[in-house]
There are 2 protein chains.
Amino acid sequence: MKTDPSETSGIPTAEQVRLDTARDAFVSQWGTIGSAWGINRTMAQIHALLLIRPEPLTTDQVMGELRISRGNAHTNLRELAGWGLVRGVIRKGERKEYFEAEKDVWKMFCIIIRERKRREIRPAINVLKDCIERADGLKSPEALAFTRQARALSEFMEMADGVLSKVVRSERNSIIPWALRFLK
Amino acid sequence: MKTDPSETSGIPTAEQVRLDTARDAFVSQWGTIGSAWGINRTMAQIHALLLIRPEPLTTDQVMGELRISRGNAHTNLRELAGWGLVRGVIRKGERKEYFEAEKDVWKMFCIIIRERKRREIRPAINVLKDCIERADGLKSPEALAFTRQARALSEFMEMADGVLSKVVRSERNSIIPWALRFLK
DNA sequence: TTCTATTTTCAGTAAATACTGAAAATAGGA
DNA sequence: TCCTATTTTCAGTATTTACTGAAAATAGAA
């Protein structure tokens with residue numbers, strides 16, 4: 001990873017090396033963390049890269065920094081934009097698109113929760129309800145055990161979903177102080 | 001999926017078919033949900049299967065229900081036991097091991113949160129701190145942007161981690177009523 | 001309109017992940 | 001002790017997922 005502005009003298013300073021090492025570690029590890037949570041490694045790495053860069057980057061810069069193909073960079077940038085974690089910016093006079101990440105950690109958190117709710121939690125709840133309906137009216141002990149368990153899961157998830165909705169709707173300035181107080 | 005006790009008459013009743021269909025849907029969908037969250041499909045399916053069965057199952061029964069190999073069943077049962085979501089039970093007089101899932105949804109939730117904290121959140125926080133240290137003392141604007149962002153992430157995650165710890169330590173009987181009140 | 005920088009797509013391929021099945025190890029019963 | 005039901009391991013293979021690179025499409029400039 002190169003310190004991008006005017007890399008003119010061939011030899012980087014010790015400071016640059018140290019920064020690049022730290023950034024590389026961050027990008028690489030963020031990728032690993034992402035994949036533990038079902039997010040593709042490259043997508044997480046691009047996200048990390050944009051998070052720690054003060055300036056927006058082009059597709060080509062992302063390709064260069066992470067040594068990935070155009071197609072890969074493109075697809076994952078679009079995917080990140082789909083989540084709302086990254087947005088495209090067009091600079092006046094320039095034709096190509098730049099990308100920047102949402103830097104505000106609270107906003108980032110809200111986006112991720114909202115999207116996970118929409119993409120994973122709600123569908124899961126619907127599936128549960130559907131399964132419960134399918135077994136509706138059955139009387140065997142096996143059927144009752146099934147329905148009981150499915151209902152418990154569904155109710156719990158509804159509750160969790162509701163709590164998350166409310167947290168995410170609340171203001172950063174009301175939740176964070178609450179959390180800090182809660183921790184004491 | 002067969003209604004297990006004494007499947008003697010070859011032809012299943014309409015009720016049995018309906019239950020089996022509902023259970024199959026549940027197992028299959030729980031697998032899909034799991035994989036969206038970074039959990040291997042089979043492991044999630046075995047978990048689902050054990051969740052909705054009132055009686056513990058043997059490795060062979062799991063293999064039969066899900067049509068998977070012994071190695072696969074074995075590995076994923078062990079993995080589930082590693083999470084604490086499933087435990088082995090040995091019936092007196094019998095030599096083989098049976099497996100049953102933790103059925104209580106609140107306990108399940110706590111186990112999952114605790115394990116995710118331990119396996120994913122804490123390591124991620126450590127990585128962040130490590131990256132911040134690596135860039136410590138650097139003064140360039142690029143370095144400051146990096147450090148600032150990494151610190152914000154790390155602080156947020158510490159806070160979230162703390163909140164989760166406290167939630168998970170609390171009693172079901174204090175948190176669930178709280179959540180229901182919170183939702184109103 | 002043409003020209004070209006840029007974005008988008010996608011068939012083919014590579015890499016990562018999960019699974020099988022059989023052999024080896026283990027542990028209770030006699 | 002030996003015998004065998006059961007568990008565990010793991011090399012080989014299959015499946016899924018991610019990536020490449022080049023061709024096609026698009027859209028601003030002239």
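Per chain, numbering begins at 1; letters A, B, ... match sequence-line order. It should be emphasised that the depicted structure is a prediction, and the values quoted were computed from it without experimental measurement.
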A/R67 CZ to D/dG21 P, in whole Å, measures 14 Å
Heavy atoms, side chains only, cut-off 4.5 Å: are B/L51 and B/M108 in contact? yes
Checking the side chain of A/Q16 only, and the main-chain atoms of A/T13 only, is there a donor and an acceptor separated by less than 3.5 Å? yes
Please check if the side chain of B/T147 supplies one atom and the backbone of B/A143 the other of a donor-acceptor pair under 3.5 Å. yes
Side chain to side chain, A/Y98 and A/Q61, heavy atoms closer than 4.5 Å: yes
Could you state the atom-to-atom distance from CE of B/M63 to P of C/dA22 in whole Å? 11 Å
Nucleotide nearest A/N72 when distance is taken to its side chain, options C/dT20, D/dT20, C/dA18: D/dT20
Distance, rounded to the nearest Å, where B/I68 contributes CD1 and D/dT15 contributes P: 16 Å
Can you tell me how the ring of A/W178 sits relative to the ring of B/W178, calling it parallel under 30°, perpendicular over 60° and tilted otherwise? parallel
Judged by each residue's nearest nucleotide on DNA chain D, which is more toward the 5′ side, A/A73 or B/G71? B/G71
Could you list, one pair per line, each protein nitrogen or oxygen that sits under 3.5 Å from a nitrogen or oxygen of nucleotides 3-7 of chain C, together with the distance?
from: C/dT4; atom 1: O2; to: A/R95; atom 2: NH2; distance (Å): 3.3
from: C/dA5; atom 1: N3; to: A/R95; atom 2: NH2; distance (Å): 3.4
from: C/dT7; atom 1: OP1; to: A/E97; atom 2: N; distance (Å): 2.9

May I have the distance from A/N76 (atom CG) to D/dT17 (atom P), rounded to whole angstrom? 15 Å
Is the shortest side-chain N/O distance from A/T75 to OP1 or OP2 of D/dC19 below 4.0 Å? no
Flag the pair A/F99 / A/L50 as yes when at least one side-chain heavy-atom distance between them is below 4.5 Å, and no otherwise. yes
Judged by atom type as modelled, is there a donor-acceptor pair below 3.5 Å linking the side chain of A/K103 to the main-chain atoms of A/R53? yes
Return the polar atom pairs (N/O with N/O) between nucleotides 14-17 of chain C and the protein under 3.5 Å, or none.
none

Parallel, tilted or perpendicular: rings of A/W30 and A/H47 (30°, 60°): tilted
Rounded to whole Å, the CD-P distance (A/E79 to C/dT9) equals 13 Å
Test: B/D60 and B/K96 ion pair at under 4.0 Å: no
